[in-house]
Structures are given as C-alpha cells and as structure tokens.
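Keep in mind that this is a model prediction, so the values were computed, not measured. Order of appearance sets the numbers: ligands from 1, and atoms from 1 within every ligand.
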Amino acid sequence: MGNSSFDFGMIGLGTMGRNLLLNVADHGMAAIGFDKDSSKIKLLESSATPGTRVKGAGSLAEMIELLKPPRKIMMLVPAGPVVDAVINELLPLLEPGDIIIDGGNSHYTDTLNRIRFLQDKKIHFTGMGVSGGEHGARTGPSIMPGGDAEAWKQLKPILEAIAAKVNDEPCVAYMGKDAAGHYVKMVHNGIEYAIMQLISETYDILKRGVELNNDELHAVFKKWNEGEMKSFLLEITANIFLQKDDITGNRLADMILDKAGSKGTGKWTSQDAMNLPVAVPTIDMAVAMRDISSYKEERLAAAALFNPTIKIIRSDREKLTRQLHDALYFATVICYAQGLAMLHKASVELKMSIPLQDVVRIWRGGCIIRSSLLETFTAAFKKNNQLSNILLNKKIAGLVKKKQGALRKIIQQGSHAGIPVAGLMSALGYFDAYCSERMPTNLIQAQRDYFGAHTYQRVDREGSFHTDWDDNDLIK
Ligand code: 6PG
C-alpha cells in the first residue's frame with residue numbers, strides 16, 4: 001500500500017489509450033499504463049509532458065499494485081472478447097470496491113452482462129463512451145459514463161478534469177443506469193454515420209453535379225462552417241479538400257477508394273432501433289450506403305450495364321449552394337431528431353433513465369458530432385427534459401420549417417442529375433411522415449386484415465375489428 005500512489009490506470013496504450021492517459025497526467029494526476037506491447041509502454045513514457053507523472057508498468061500486477069484504492073482502471077482495447085479476457089486477467093488482482101471502466105465501443109448488451117458478472121464480485125464496472133478521436137483524447141473528449149452510481153461519484157473529478165469544456169462546463173455527465181453510457185455512445189455514432197452520409201451527398205452534388213474543384217469545395221464547406229451549422233464534421237470536410245497526396249501530388253480526397261469501412265456501431269444503432277421500435281431511417285440509409293459502397297466490383301459491372309450519365313446542374317451556382325446549405329441543415333437536424341428520439345424511447349424501454357438534457361449538453365464539445373446546433377437542442381431539453389422528439393420544440397420547428405423547401409428542391413435536382421441522394425431523401429421522407437396527420441397505413445391495415453385476419457382499429461369508435469373481406473358486399 002505504501003507504494004500505491006497512482007490515481008488512474010490504463011490498459012491498452014494504442015493512440016486513444018495513450019492520449020487519454022497523458023490527458024489525465026496533464027491535469028495533475030499520477031497516471032500509469034500497461035500494454036502487452038512494450039514499445040507502446042516506451043512511447044507512453046517518452047510522450048509525457050515534462051513535469052507530469054506518467055509511468056509504464058511492466059505487468060498488470062505491477063500496475064494494480066501501484067494504484068491507490070479504490071483502483072480506477074480503464075480499458076481501451078478492441079471491443080469483443082478482448083474486453084472479457086482483460087477482465088479475467090484483472091479479477092484475481094482486484095479488491096472489492098475497485099472500478100473497471102470500459103472506454104471502447106462495446107455493444108451495450110455485452111456491457112450489461114459484464115456489469116452483472118462483476119457485481120457479484122463487488123467490482124464496479126462502468127461502460128463509458130469516449131468520443132473525439134485521437135486528438136480529442138489528448139486535449140478533451142466528450143465522455144459518456146453510465147451504470148454504477150458509486151463508481152461515477154469516484155470517477156467524476158477525474159473525468160471532469162480531462163473532458164472537453166464548453167463555457168467552462170465539462171463535457172461529461174452520468175448517462176443513466178446499466179449500460180446507458182455505451183448505449184448513448186452507440187447512438188452518437190449512428191448520428192455520426194447519418195451526418196457523414198449527408199455531407200458526402202452534398203459533396204457529390206457539388207463535385208459531379210456542379211463540377212466544383214477541390215479549392216472551390218473547400219471554400220463552400222469552410223463558409224458553411226462559419227455559419228449557423230458550424231460543426232466539427234464540416235470543419236474537417238473543408239480541410240480534407242486541401243490535403244495533398246504525398247505519392248502523386250494530387251489532392252488526396254480524389255485518390256481515396258470509394259469503399260467505406262465500418263466497425264459496427266452504426267449498424268447496431270439501426271438494429272436496436274428496429275427492436276425498440278423507433279424509426280431512424282437516415283441512420284439506416286447511411287449504413288446501407290456504406291454497404292453498397294463496399295460492393296465496388298458489382299457497382300462497376302452495373303455501371304457498365306446501365307451506363308448512367310450525370311447531368312450537369314446548370315442552375316445559378318450561388319443559389320444552388322444556398323439551397324444545398326439549407327437542405328443539409330434541415331436534414332442534419334433530422335438526424336439528431338431520429339437519434340435523440342431513439343434515446344428517449346430506449347431510456348424508457350430499457351429502464352436506463354437517460355438524462356437527454358445532459359446528453360445534448362455534453363455533445364456540445366469534444367465529440368465527433370459536436371455542432372452549434374447542440375446549443376439549440378440543449379435549450380429545448382432544458383425547457384422539457386421529456387421531449388420525445390426535438391421536432392416538437394417550437395423553436396426547432398421554426399428553424400427547420402424555413403428550410404424544408406430547399407431540401408425538396410435539392411432532392412429534385414440531385415435525382416434529376418442522376419446523383420444518389422438517398423440520405424437526404426430519407427430525412428425528408430421521415431419528416432413528411434412524422435408530420436402527417438394521416439398516413440396511408442389504413443390501407444396496410446386493410447390488407448393485413450384481408451389476407452391474415454390481423455384486425456384493425458377504426459377512426460370512429462374504439463375496439464378491434466375484423467371484416468370477412470371476401471364475403472363482403474363490394475360496391476359495384
Ligand atoms: C468517436 C468515433 C469513434 C470512431 C468510430 C468510427 O466518437 O470518436 O465515433 O468512436 O471513429 O468507431 O466508426 P466506424 O469505423 O464504424 O466508422
């Protein structure tokens with residue numbers, strides 16, 4: 001115990017783990033890390049800010065020995081079986097009251113199982129979303145811990161110190177019971193997928209439809225990022241168009257193969273939304289578009305067969321760019337609306353008590369989907385923390401109402417030009433359905449009852465009804 005003087009331990013010293021641990025040390029805490037790869041331990045020590053206390057441990061046992069009880073040990077290792085393997089290695093070394101944090105993108109059901117497994121052993125387990133990439137990890141991420149309230153009490157000062165700050169407020173808060181931390185991070189990533197898809201579609205219209213070059217593309221996205229939808233994703237998009245390729249000297253964006261990868265969090269969001277059920281069609285579409293992108297060979301064969309041509313969009317460039325801005329703004333709000341509505345429903349269904357006003361507040365800084373829009377959403381949830389859909393907030397409704405016309409025009413022009421705008425279309429389709437007093441689903445109910453006697457409800461009286469459609473008098 002005499003030697004136990006370290007405040008925070010990290011297992012897994014890849015870029016994220018190393019940077020997060022260095023961030024802890026930069027805030028005056030003694031930080032210790034372990035990785036099976038000794039070169040990563042050396043890199044941790046050599047990258048520490050002079051004057052800070054950072055140590056690489058030679059073994060897990062050494063790290064545990066040197067941590068102050070109750071020990072706070074975070075894992076940043078690949079999601080899946082590796083997390084369980086690390087937990088099993090840790091268990092014999094820990095004491096009741098110690099805290100394990102899983103900071104990776106684990107599936108929330110795995111987190112739930114781990115919480116239950118460790119509860120019996122009196123070890124606290126916190127599933128925690130961390131967003132912000134490598135840079136954010138070092139300078140201030142958005143942090144989404146959930147689960148054990150006692151662990152949160154212990155971790156709060158450390159996490160508040162290392163989190164991003166907006167108006168001096170740390171971008172970390174307790175996200176709710178059980179696996180709420182990982183659930184909120186999963187939905188964050190679903191929204192991330194959807195917004196990235198929308199940005200890529202506006203890029204496609206500007207590049208193939210309007211034939212802007214990379215400098216012009218940079219200028220458009222840079223200008224948008226200086227306005228009302230300022231965001232991290234727009235900022236990096238603007239920068240991407242200026243990046244030179246070291247190999248050919250061309251712009252790097254043009255040299256990157258059009259096959260998107262994914263690690264699964266977007267797909268999980270869609271899968272879980274269907275289970276709840278709640279509609280997140282723009283997230284679904286973003287996942288689907290990444291999937292289609294990966295079938296490059298088939299796309300080449302189909303292109304040769306159908307020979308699609310892109311029609312150049314000849315409308316006034318200034319006007320089109322303004323419409324595109326408004327269309328992207330509108331559709332981006334829809335992505336947040338879908339994700340937040342999902343969290344609202346999941347919070348109730350899975351009994352997680354997710355504080356939505358804190359979710360949007362901590363997404364204002366540090367994370368990948370940070371945007372000035374989050375300030376507006378924070379105000380909306382402050383007014384009503386049970387808001388089931390942000391589109392029901394009067395101020396937000398006012399903001400998007402003005403812009404829906406632009407989205408309709410962009411979809412018309414994009415599809416006329418032969419440019420796929422499936423993400424934008426899905427956002428508009430969601431909006432149009434969500435705002436419909438009457439949907440055509442009466443016909444679906446009639447069909448279900450016709451072929452399967454599934455019954456239907458009526459518009460004029462309570463109850464459940466079935467019609468013997470075949471025998472019924474048909475009006476001739
Ligand atoms: C973040 C990111 C981060 C990671 C995603 C990328 O919030 O910092 O979301 O978690 O970049 O896992 O996911 P895909 O590889 O699935 O695009």
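- Taking every heavy atom of Gly133 and a limit of under 4.0 angstrom, the matching atoms of ligand 1 come to 8 (O).
- Using 4.0 Å as the threshold, Gly266 has no heavy atom nearer than that to any atom of ligand 1.
- Among all non-hydrogen protein atoms, the one lying nearest atom 12 (O) of ligand 1 is Asn105 ND2, 3.2 Å.
- What sits closest to atom 10 (O) of ligand 1 on the protein, heavy atoms only, is Lys185 NZ, 2.7 Å.
- Distances shorter than 4.0 angstrom occur between a heavy atom of Gly132 and an atom of ligand 1.
- When Arg290, Lys263, Glu192 are checked for heavy-atom proximity to atom 17 (O) of ligand 1, Arg290 turns out nearest.
- What sits closest to atom 16 (O) of ligand 1 on the protein, heavy atoms only, is Tyr193 OH, 2.4 Å.
- Evaluated for a salt bridge (Lys or Arg N to Asp or Glu O under 4.0 Å) with Asp7, the options Lys55, Arg53, Lys72, Lys68 yield exactly one hit, Lys68.
- The shortest contact between atom 7 (O) of ligand 1 and any protein heavy atom is with Ser131 OG, 2.5 Å.
- Figure legend: Arg251 and Phe241 shown without cation-pi pairing, the cationic atom not lying both under 6.0 angstrom from the six-membered ring centre and within 45 degrees of its axis.
- For atom 5 (C) of ligand 1, the closest heavy atom belonging to the protein is Asn189 ND2, 3.8 Å.
- In terms of modelled atom types and a separation under 3.5 Å, the side chain of Tyr336 and the main chain of Ile369 share a donor-acceptor contact.
- Using modelled atom types, one side-chain atom of His182 and one backbone atom of Asp102 make a donor-acceptor pair closer than 3.5 Å.
- When all heavy atoms are compared, the tightest approach of Ala238 to Lys222 is CB-N, 3.7 Å.
- Side-chain contact, Arg290 with Ser200: no donor N or O sits under 3.5 Å from an acceptor N or O.
- An N or O contact shorter than 3.5 Å is missing between Ser262 and ligand 1 by distance.
- Ser142 and Ser131 are not linked by any side-chain donor-acceptor pair at a separation below 3.5 angstrom, with hydrogens and angles left out of the test.
- Within ligand 1, counting atoms from 1 as listed, the ones closer than 4.0 Å to a heavy atom of His188 are 7 (O).
- Side-chain atoms of Asn23 and His27 form a donor-acceptor pair, as typed in the model, at a separation below 3.5 Å.
- Atoms of ligand 1 found under 4.0 Å from any heavy atom of Ile368 (numbered from 1 in listed order, with element): 1 (C), 2 (C), 7 (O), 8 (O).
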